[in-house]
Amino acid sequence: MLQLNYIREKKDEAIARLAIKNFDARPVLEQVLELDNDRRKTQNELDAILNEANTLAKQVGELYKSGKKAEGDELKNKSASLKENSKKLEEKLAVIEEQQHKLLVTVPNTPNMQVPKGKTPEENENVYQEGEIPKLYDGAKPHWELASQYDLIDFELGVKLTGAGFPVYKGKMARLQRALINYFLDKATAAGYLEIQPPIMVNEASGYATGQLPDKEGQMYHSTIDNLYLIPTAEVPITNIYRDVIVKADQLPIKNCGYTPCFRREAGSYGAHVRGLNRLHQFDKVEIVQIAHPDKSYEALEEMRNYVAGLLRELELPFRILKLCGGDMSFASALTYDFETYSAAQQKWLEVSSVSNFETFQSNRLKLRFKGADGKAVLAHTLNGSALALPRIVATMLENNQTAEGIRVPKVLVPYCGLEIIN
RNA sequence: GGUGAGGUGCCUGAGAGGCCGAAAGGACCAGUUUGCUAAACUGGCGUACGGGUAACUGUACCGAGGGUUCGAAUCCCUCCCUCACCGCCA
């Protein structure tokens, strides 16, 4: 959610930035400001009346105390009409605030000015590419065929147990998954991220603070009996650690990481293009989160970008980094880098990570602040990124590393799983 | 699931209709002093939204929402949550 002060002080800048996301902000923001004038006027009136009522109540008390009952009673009558008025104004104020809030939550985050214009994923800016796209031998297969050939992943069994999108990993594959998780966590810890094992169900307040609720309600699994939600990403519980928190400035940047399973209903996205591991209802992911000083958040973003690039390099996967264009960015992001690995067998790029700076968009809802130099509470910047999500890493790895003899395990993972080849 | 207790500022914790934005202690910040892996003393120290160039000032907030009252942290109602014990249990 954008800050009111920002809209008030820099309306034109906000409009210009939002135009990059192809969002015509002028009408909404002007309406917000109009309501804001109304809100201030109403609050002024209300405050004046309440002030009078408070003064009156004090006088009544003193009169009673000194035995002047008649005079006290007289003042009492006066306060009745004040009360009526204040009630009306309170209601009016509540309505205005609600309208304003409703408008504000429809406005996406203002993208950073360096975000490229554009509407479709094709207009994302390819900012970096690394690694060699492997030439596969004749008869190379997509990962879902490899998975059944070596009995690694059983999609049908998952259907039996739960439903489509809940694969069962078996034997060496289960071990490889475990290895990846440990490898990612070890790397993150070494890079200064504090490992967190959060709950994988969250309450409504948490869902609201990171923006999954109320809009994206249908994308989360919901345990209605307890009113808890299965998390779509560790970002939700980990970021919510800092909900309603004022941290000390010298604690910044705060760096947390966590492994969790992630659950996404992905309603309405069934189809041929989501075969195999490409899109699942349950998957594993290690997430990195940073809470940064506003002056340092873009440095932090670059650091995270380099960090993720390092992981892919060590895993020997060809990858590219895209700076998302305005039209392809998420609602909450100010700048996003997507990482894609190239799957030689599917002959396409697969998104494996998304690293974003949210600036104050999340912290405004979270009320996540730090004490500035002047002792005032200032909203911190939040950032997060996948480091990494497993399924598409596994898919690319299986496909790119396949040989006639089996699937080669990247060197860095050998100590983690004790396997050099899967066959 | 049963029974009981309780939710107050960064933390501990008092307050039981007006003198309460809230005692006291701790933590924290600034200063003084003695000195040195620290102590003592003095002062400061909540958040949000308004008004004012500013000093300053108004209003709201003691889990949330209603109500009673001239006046509510304090009384009443509803909801949420936490803790303890018992039951069940990885």
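Chain identifiers are assigned alphabetically (A, B, ...) following the order of the sequence lines, protein sequences preceding nucleic acid strands; residue numbering begins at 1 within each chain.
Residue pairs meeting the side chain to side chain donor-acceptor pair (under 3.5 Å) criterion with at least one partner in residues 155-175 of chain A, sequence neighbours excluded, are A:D151-A:K170.
Between the P atom of B:rG51 and the CD atom of A:E45 lies a distance of 13 Å, rounded to the nearest Å. Atom pair A:N44:CG and B:rA60:P shows a separation of 14 Å (rounding to whole Å applied). Straight-line distance from the NE2 atom of A:H101 to the P atom of B:rC49: 14 Å, rounded to whole Å. Atom C1' of nucleotide B:rC81 and atom CG of A:D244 are separated by 15 Å, given to the nearest angstrom. Atom-to-atom, CG of A:L89 to P of B:rG50 comes out at 17 Å; the value is rounded to the nearest Å. Between the P atom of B:rA48 and the CD atom of A:E97 lies a distance of 15 Å, rounded to the nearest Å. Spacing between atom CG of A:D226 and atom P of B:rC81 amounts to 9 Å, rounded to whole angstrom units. A:Q3 has its CD atom 13 Å from the C1' atom of B:rA48, to the nearest Å.
When the nearest nucleotides of RNA chain B are assigned to A:I246 and A:L4 by heavy-atom distance, the more 5′-ward of the two goes with A:I246. Taking for each of A:R8 and A:T55 the nucleotide of RNA chain B with the nearest heavy atom, the 5'-most of the two is the partner of A:R8.
Listed by chain and number, the residues in a salt bridge (Lys or Arg N to Asp or Glu O under 4.0 Å) with A:E84 amount to none (sequence neighbours excluded). Taking the side chain to side chain contact (heavy atoms under 4.5 Å, CB included) definition, one finds that A:C262 meets it with A:T260, A:F283, A:K285, sequence neighbours left out. When the side chain to side chain contact (heavy atoms under 4.5 Å, CB included) test is applied to A:F331, the partners found at least two apart in sequence or on another chain are A:P108, A:F361. Scored by the side chain to side chain contact (heavy atoms under 4.5 Å, CB included) test, A:A334 finds A:N109, A:Y298, A:E359 as partners (sequence neighbours excluded). For A:E98, the side chain to side chain contact (heavy atoms under 4.5 Å, CB included) criterion is met by A:K102, not counting sequence neighbours.
Between A:R369 and the phosphate of B:rA48, there is a side-chain N or O to OP1/OP2 separation shorter than 4.0 Å. The phosphate of B:rC49 (OP1 or OP2) has no side-chain N or O of A:R40 nearer than 4.0 angstrom.
Here, B:rU47 and B:rC41 have their C1' atoms 31 Å apart, quoted to the whole Å. On the P atoms, B:rC10 is 33 Å away from B:rG4, given to the nearest whole Å. For B:rG71 and B:rC80, the P atoms lie 30 Å apart once the distance is rounded to whole Å. Straight-line distance between the C1' atoms of B:rG9 and B:rA60: roughly 16 Å, to the nearest whole Å. B:rC45 and B:rC28 are spaced 8 Å apart, taking the C1' atom of each and rounding to whole Å. The separation of B:rU12 from B:rG6, taken at their C1' atoms, amounts to 15 Å, rounded to a whole angstrom. For B:rA22 and B:rA73, the C1' atoms lie 8 Å apart once the distance is rounded to whole Å. Comparing the same atom, P, in B:rA16 and in B:rA24 gives a spacing of 16 Å after rounding to whole Å.
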List every contact pair, protein side and nucleotides 69-79 of chain B side both N or O, where the distance is under 3.5 Å.
{"from": "B:rC70", "atom 1": "O2'", "to": "A:S79", "atom 2": "OG", "distance (Å)": "3.4"}
{"from": "B:rC70", "atom 1": "O2", "to": "A:A57", "atom 2": "O", "distance (Å)": "3.4"}

Pairwise N/O distances under 3.5 Å, protein to nucleotides 56-58 of chain B:
{"from": "B:rG58", "atom 1": "N2", "to": "A:Q43", "atom 2": "NE2", "distance (Å)": "3.2"}
{"from": "B:rG58", "atom 1": "N2", "to": "A:D47", "atom 2": "OD2", "distance (Å)": "3.0"}

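Here the CG-OG distance, from A:L324 to A:S354, works out to 6.0 Å after rounding to the nearest 0.5 Å.
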Check: residues 405-420 of chain A side-chain donor-acceptor pairs under 3.5 Å, at least two apart:
{"from": "A:R408", "atom 1": "NH1", "to": "A:E316", "atom 2": "OE1", "distance (Å)": "3.2"}
{"from": "A:Y416", "atom 1": "OH", "to": "A:D186", "atom 2": "OD2", "distance (Å)": "2.7"}

Considering only distance and modelled atom types, tabulate donor-acceptor pairs under 3.5 Å from the side chains of residues 44-58 of chain A, sequence neighbours left out.
{"from": "A:D47", "atom 1": "OD2", "to": "A:Q43", "atom 2": "NE2", "distance (Å)": "3.4"}
{"from": "A:N54", "atom 1": "ND2", "to": "A:L50", "atom 2": "O", "distance (Å)": "3.4"}
{"from": "A:T55", "atom 1": "OG1", "to": "A:N51", "atom 2": "O", "distance (Å)": "2.6"}

Residues 196-204 of chain A side chain polar contacts: donor-acceptor under 3.5 Å, at least two apart:
{"from": "A:N203", "atom 1": "OD1", "to": "A:A205", "atom 2": "N", "distance (Å)": "3.4"}
{"from": "A:N203", "atom 1": "OD1", "to": "A:S206", "atom 2": "N", "distance (Å)": "3.0"}
{"from": "A:N203", "atom 1": "OD1", "to": "A:S206", "atom 2": "OG", "distance (Å)": "3.2"}
{"from": "A:E204", "atom 1": "OE1", "to": "A:N227", "atom 2": "ND2", "distance (Å)": "2.7"}

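One N or O on the side chain of A:N240 and one on the backbone of A:V236 form a donor-acceptor pair closer than 3.5 Å.
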Output field dot_bracket for RNA chain B (Watson-Crick or G-U, both distances under 3.5 Å, | for other-strand pairs) contains ((((((((.[[[..)..(.....]]].(((((.(...).))))).((((((....)))))).[[[[[..)....]]]]])))))))....
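Between A:Y337 and the options A:V308, A:L322, A:L301, A:N357, a side-chain contact (heavy atoms from CB on, under 4.5 Å) holds for only A:L301.
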